[in-house]
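In what follows, a structure is listed as structure tokens, so that the remarks can point back to it.
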2 protein chains.
Amino acid sequence: MIENIENLKEILRAKNIRLSHQRLKVLEYLAQNKTHPSVDEIYSELQKSIPSLSRTTIYNTLHMLKEAGLVNVLTIGDSEARYEIIAENHGHFKCTSCENIFDFSLSVEEIESSDLADFDIKERDVYFRGLCPDCLESDRKDSEK
Amino acid sequence: MIENIENLKEILRAKNIRLSHQRLKVLEYLAQNKTHPSVDEIYSELQKSIPSLSRTTIYNTLHMLKEAGLVNVLTIGDSEARYEIIAENHGHFKCTSCENIFDFSLSVEEIESSDLADFDIKERDVYFRGLCPDCLESDRKDSEK
DNA sequence: GTTCCTGCAAAAGCTTTGCAGAAGA
DNA sequence: TCTTCTGCAAAGCTTTTGCAGGAAC
């Protein structure tokens with residue numbers, strides 16, 4: 001299971017990437033929080049245990065983890081990027097009201113198009129937007145007033 | 001056919017949106033250039049015929065056209081947004097080398113997931129990334145050297 | 001001891017905001 | 001005439017860059 005922090009460290013070691021305290025904390029945070037956090041969310045949380053932490057390090061680390069193939073970047077029509085540990089194929093649903101991102105199961109391999117026969121596809125993202133059940137419910141209650 | 005400029009004007013009139021010179025030019029540009037242009041590309045081109053044009057107007061217009069349901073915004077892991085006239089369902093492939101965006105046919109309705117039974121899906125985007133045929137070819141030639 | 005990483009400060013890039021003058025209906 | 005749009009200047013946000021000191025191995 002990739003989310004195991006020891007496995008993650010092993011992967012980095014295999015790629016000759018130094019296991020700094022900051023990097024391990026970022027990885028650990030992503031492994032434990034499947035909330036598709038933004039740089040700022042990661043920063044705010046980790047700063048509690050690493051007071052000297054800087055946002056630059058978060059950016060550096062996330063770029064490196066993306067390069068190493070351990071994290072995905074999500075940019076769903078948003079100002080700030082969101083990050084996640086690479087996981088099984090799934091799509092992302094972003095609620096336009098509460099801004100939360102929800103995963104949904106999906107085999108992206110099923111999505112093929114003969115138009116792309118000569119293309120080398122390296123990443124596949126499926127992004128949906130709309131209202132999540134909670135926000136739909138709130139809307140309903142509001143309109144009853 | 002939605003790309004017809006007269007039809008586009010009709011749609012705006014029906015929504016009580018004023019048909020300013022700038023707006024019509026932006027619409028016309030998008031209808032004639034299926035290249036998923038950025039704000040800057042639209043600005044640079046239209047500025048030739050409207051010297052006083054400002055980027056703010058491009059932003060205002062694109063927001064309004066999106067609101068009116070006439071354009072789509074694409075944010076494929078990119079710094080700047082790209083725009084297109086709404087068209088048949090299709091996916092987008094972005095070449096990570098030349099940065100061009102290619103359309104490919106796709107029925108997004110086919111992409112369903114029981115996980116989203118209680119969600120209200122309003123927009124569906126399928127984004128692929130990788131290398132386009134031309135860049136693959138260049139790579140091949142480079143490695144032969 | 002080397003090499004690479006961290007974090008600060010500053011800058012860069014895209015987008016938004018406020019507002020006065022201009023244009024659309 | 002009344003309302004709405006345009007375009008300027010300035011600000012806002014996220015992200016990147018350069019570099020000196022510090023940590024990893």
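Just so we're on the same page: letters track the sequence lines, and every chain starts at 1.
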Mutual orientation of the aromatic rings belonging to A:Tyr59 and A:His63 [parallel < 30°, tilted 30-60°, perpendicular > 60°]: tilted

Whether A:His92 and A:Tyr127 hold their rings parallel, tilted or perpendicular, with breakpoints at 30° and 60°: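 Correct class here is tilted.
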
Interface residues of residues 12-28 of chain A with DNA chain C (non-hydrogen, below 4.0 angstrom):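 Result for residues 12-28 of chain A: A:Arg18, A:Ser20, A:Gln22, A:Arg23, sorted by number.
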
Listed partners of B:Glu45 passing side-chain hydrogen bond (donor to acceptor under 3.5 Å, both in side chains), at least two apart: B:Lys48

Pairs flagged by side-chain hydrogen bond (donor to acceptor under 3.5 Å, both in side chains) wherever residues 14-24 of chain A is involved - sequence neighbours left out: none

Touch class at under 4.0 angstrom, heavy-atom based, for B:Asp40 against every strand present: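 If one applies the 4.0 Å heavy-atom cut-off, B:Asp40 turns out to touch nothing in the nucleic acid.
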
Sugar-phosphate only, base, or nothing, as touched by B:Ser79 at under 4.0 Å among non-hydrogen atoms: sugar-phosphate

Rounded distance (Å) that lies between atom C1' of C:dT15 and atom CG of B:Leu74: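 B:Leu74 atom CG is separated from C:dT15 atom C1' by 17 Å.
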
Distance in angstrom units between B:Asn60 CG and C:dA22 C1', rounded: 15 Å

Contact boundaries on DNA chain D for chain B, cut-off under 4.0 Å to non-hydrogen atoms: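 So the contact region on DNA chain D extends D:dT3 to D:dA9.
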
Passing candidate, side chain to side chain contact (heavy atoms under 4.5 Å, CB included) with A:Glu84, options A:Leu74, A:Val71, A:Thr35, A:Val73: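 Going through A:Leu74, A:Val71, A:Thr35, A:Val73 one by one, the side chain to side chain contact (heavy atoms under 4.5 Å, CB included) with A:Glu84 is satisfied by A:Leu74 alone.
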
5' priority, DNA chain C, between A:Thr57 and B:Arg55 [closest heavy atom]: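 It is A:Thr57 whose nearest nucleotide is closer to the 5' end.
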
Nearest-nucleotide 5' precedence on DNA chain C, B:Val39 against A:Tyr43: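 Between the two, 5'-proximity favours A:Tyr43.
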
side-chain contact (heavy atoms from CB on, under 4.5 Å) partners for A:Ser44, two or more places apart: A:Asp40

With A:Glu67 via side-chain contact (heavy atoms from CB on, under 4.5 Å) - residues at least two apart: none

Salt bridge (Lys or Arg N to Asp or Glu O under 4.0 Å) involving A:Asp120 - partner list, sequence neighbours excluded: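 A:Lys122.
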
Ring center gap for B:Phe104 and B:Phe128 short of 6.0 angstrom: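 Centroid distance B:Phe104-B:Phe128: below 6.0 Å, so yes.
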
Single-linkage hydrophobic cluster A:Tyr83~B:Ile76, side-chain heavy atoms < 4.5 angstrom: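 In one cluster: no.
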
Name the pairs: protein N/O against N/O of nucleotides 19-21 of chain C, kept only if under 3.5 Å.
none

Side-chain heavy atoms of B:Lys25 within contact of B:Ile42, under 4.5 Å: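 Not touching, per the 4.5 Å side-chain cut-off.
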
Side chains of B:Leu30 and B:Leu70 in contact at under 4.5 Å (non-hydrogen atoms): no

B:Leu62 CG to B:Asn72 CG distance, which is reported to the nearest 0.5 Å: 12.0 Å

Minimum heavy-atom distance between B:Glu80 and B:Ser38, given as atom pair plus value: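 Minimum heavy-atom separation between B:Glu80 and B:Ser38: OE2-CB, 3.5 Å.
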
Residues 131-139 of chain B, side-chain donor-acceptor partners within the protein, below 3.5 Å, at least two apart:
| unit_1 | atom_1 | unit_2 | atom_2 | d |
| --- | --- | --- | --- | --- |
| B:Glu137 | OE1 | B:Arg140 | NE | 3.4 |
| B:Glu137 | OE2 | B:Arg140 | NH2 | 2.8 |
| B:Ser138 | OG | B:Asp134 | O | 3.0 |

Residue-phosphate contact under 4.0 Å: B:Tyr59 side-chain N/O, C:dT15 OP1/OP2: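 The answer is yes; a side-chain N or O of B:Tyr59 sits under 4.0 Å from OP1 or OP2.
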
Selection residues 91-106 of chain B - residue pairs positive for salt bridge (charged side-chain N to carboxylate O under 4.0 Å, His left out), sequence neighbours left out: B:Asp78-B:Lys94

Angle of first-five versus last-five pair axes in the helix from C:dG1-D:dC25 to C:dA25-D:dT1, to 10 degrees: 40°

Close residues, residues 44-53 of chain A, relative to DNA chain D [heavy-atom separation under 4.0 Å]: none

